[in-house]
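Just so it is clear, the values below take in all heavy atoms, side chains as well, and ignore hydrogens, waters and symmetry mates. Numbered from 1 within each chain, the chains take letters A, B, ... in sequence-line order.
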2 protein chains.
Amino acid sequence: MAVHVLAVLAYKEGDRVTSAMLAGSVNTNPVIVRRLLLSLQRARLVETRKGAGSGSRLSRSPGRINLAEVYRAVEAVEPFASPARKANTACPVGHCIRKTLNQVFASAENALERDLEKTTLAGVIGMIKASCPGAAKKAG
Amino acid sequence: MAVHVLAVLAYKEGDRVTSAMLAGSVNTNPVIVRRLLLSLQRARLVETRKGAGSGSRLSRSPGRINLAEVYRAVEAVEPFASPARKANTACPVGHCIRKTLNQVFASAENALERDLEKTTLAGVIGMIKASCPGAAKKAG
DNA sequence: ACAAATGTAATCTTTACGGTTACTAATTAA
DNA sequence: TTAATTAGTAACCGTAAAGATTACATTTGT
């Protein structure tokens, strides 16, 4: 969803867009969008102003925002499940596996982010326009 | 959890291990382990037999099972959230973004799996033994 | 002052995952 | 052949996370 919102903002080329409009595109509720925008603000990806006639816009050009930044901004939980209960420390494997898996998963997540870094928001917009002839220029 | 179970099986070097024993190491319920083992069986990573004195073991040597296979065997949902509701097709971005994001996410997931491929179960066991002096050889 | 937006809290629903119990089916061992 | 052991599986519960919704305070522009 984060990428969707940011893509709309990129599409609007710096115009301020309200959470209600963004919610309309994502087909969700403005409050959901605002909560997401808070995360994106913290990551310095968007700028938001309150008040009449305001809204949000990208804080950088779409070519200078890559999807790894977006991923990190909204990443809620680890992509790999950690068991709810602690492993049995009486078992030698259970006792020591956590540290090992953390290493392996950190490496995998790093590989994921390296790949996401290759795509910018501008790239996403380009792909959308290429794959969808109708998406010419700013509409609703 | 899947990696944990497989690590125990690798640690036991081909001995058959019951779901109750595996559950003991992971500190969970045998039924949970059995459900997981079904996925691993479908992926031809473990062999399981019923009956007294039976249980599960790896169907290949630990050096020939990598974590990408494990990931694919137990992968339940897409790692990237898809919105519950469909995007608003009246918005040009909403209309066409899904296909684009699927491409990007497929690439990212591929990068993830390429990285996981680099680690085998034997590697995991080696890391555990290295990081944890107590994990010498088969205990409980 | 008023209208338009965001920030934010409270609550509800849905979904996924793990946990638990209970039962059936298969296989081994005595 | 009988009994014990073990996996397969269904049914149901509890919990946690994400989104959905409503409501309200706060800020800002006209």
Side-chain angles (χ1 to χ4, degrees), chain A residues 1-5 8-9 12 15-43 45-59 71 73-88 94, chain B residues 1-5 8-9 12 15-43 45-59 71 73-88 94:
Chain A
M1 190 167 86
V3 181
H4 188 152
V5 163
V8 175
L9 290 176
K12 298 289 184 172
D15 292 359
R16 291 199 178 274
V17 184
T18 68
S19 61
M21 286 193 265
L22 292 168
S25 172
V26 184
N27 216 15
T28 183
N29 193 288
V31 176
I32 305 295
V33 173
R34 289 204 284 267
R35 289 206 278 242
L36 171 62
L37 286 170
L38 292 178
S39 298
L40 299 175
Q41 286 165 36
R42 271 181 239 116
L45 296 179
V46 304
E47 291 173 354
T48 302
R49 281 202 328 222
K50 288 184 178 181
S54 294
S56 302
R57 68 180 179 197
L58 300 182
S59 51
Y71 174 77
V74 301
E75 181 185 25
V77 296
E78 294 295 313
F80 301 100
S82 287
R85 307 173 158 199
K86 280 185 67 75
N88 179 0
Chain B
M1 187 166 88
V3 181
H4 189 153
V5 163
V8 174
L9 291 176
K12 298 288 185 173
D15 292 359
R16 293 200 177 270
V17 183
T18 68
S19 60
M21 285 193 265
L22 292 168
S25 173
V26 183
N27 216 15
T28 183
N29 194 289
V31 175
I32 305 294
V33 172
R34 289 204 285 267
R35 290 205 278 240
L36 170 61
L37 286 169
L38 292 178
S39 299
L40 298 175
Q41 285 165 37
R42 272 181 237 116
L45 296 178
V46 303
E47 292 173 355
T48 301
R49 280 202 328 223
K50 288 182 178 181
S54 293
S56 301
R57 66 179 180 197
L58 301 182
S59 50
Y71 173 77
V74 302
E75 181 185 23
V77 295
E78 293 296 313
F80 301 101
S82 288
R85 306 174 159 198
K86 280 184 65 76
N88 179 0

Under 4.0 Å between a side-chain N/O of [X] and OP1 or OP2 of [N], yes or no?
X	N	result
A/Ser19	C/dT6	yes
A/Gln41	C/dT6	no
A/Arg34	C/dT6	yes

- Using the test side-chain hydrogen bond (donor to acceptor under 3.5 Å, both in side chains), find all partners of A/Ser54 that sit at least two apart in sequence or belong to another chain. none

- Can any side-chain N or O of A/Thr48 pair as donor or acceptor with the backbone N or O of A/Gly55 at less than 3.5 Å? no

As an exercise, state the distance from [atom1] of [X] to [atom2] of [Y], rounded to the nearest 0.5 Å.
X	Y	atom1	atom2	answer
B/Leu9	B/Met21	CG	CE	10.0 Å
A/Leu38	A/Ser56	CG	OG	9.0 Å
B/Asn29	B/Arg34	CG	CZ	8.0 Å

- For the residue pair B/Glu47 and B/Arg16, what are the closest heavy atoms and their distance? O-NH1, 3.6 Å

- Query: Between B/Pro30 and B/Ala20, which heavy-atom pair has the shortest distance, and what is it?
  - Reply: CG-CA, 4.1 Å

- Message: Any heavy-atom pair between the side chains of B/Leu37 and B/Leu22 that's under 4.5 Å?
- Response: yes

- Query: Are any of the side-chain heavy atoms of A/Leu36 and A/Ile32 separated by less than 4.5 Å?
  - Reply: no

- Item | Nucleotide of D/dA7, D/dA20, C/dG19 approaching B/Ile32 most closely (side-chain heavy atoms) | C/dG19

Distance check needed: [N] [atom2] versus [X] [atom1], whole Å only.
X	N	atom1	atom2	result
A/Asn29	C/dA10	CG	C1'	14 Å
B/Glu47	D/dT6	CD	C1'	17 Å
B/Arg16	D/dT6	CZ	P	13 Å
A/Leu37	D/dG19	CG	P	13 Å
B/Leu36	C/dG19	CG	C1'	15 Å

Give me the distances for all protein-to-nucleotides 11-18 of chain D N/O pairs that come in under 3.5 Å?
from	atom 1	to	atom 2	distance (Å)
D/dA11	N6	B/Arg35	NH1	3.3

- Message: Generate the contact string for nucleotides 24-30 of chain C. Rules: B means base contact, S means sugar-phosphate contact only, - means no protein heavy atom under 4.0 Å.
- Response: --BBB--

- Query: What nucleic acid atoms does A/Leu38 come within less than 4.0 Å of, heavy atoms only: base, sugar-phosphate, or nothing?
  - Reply: sugar-phosphate

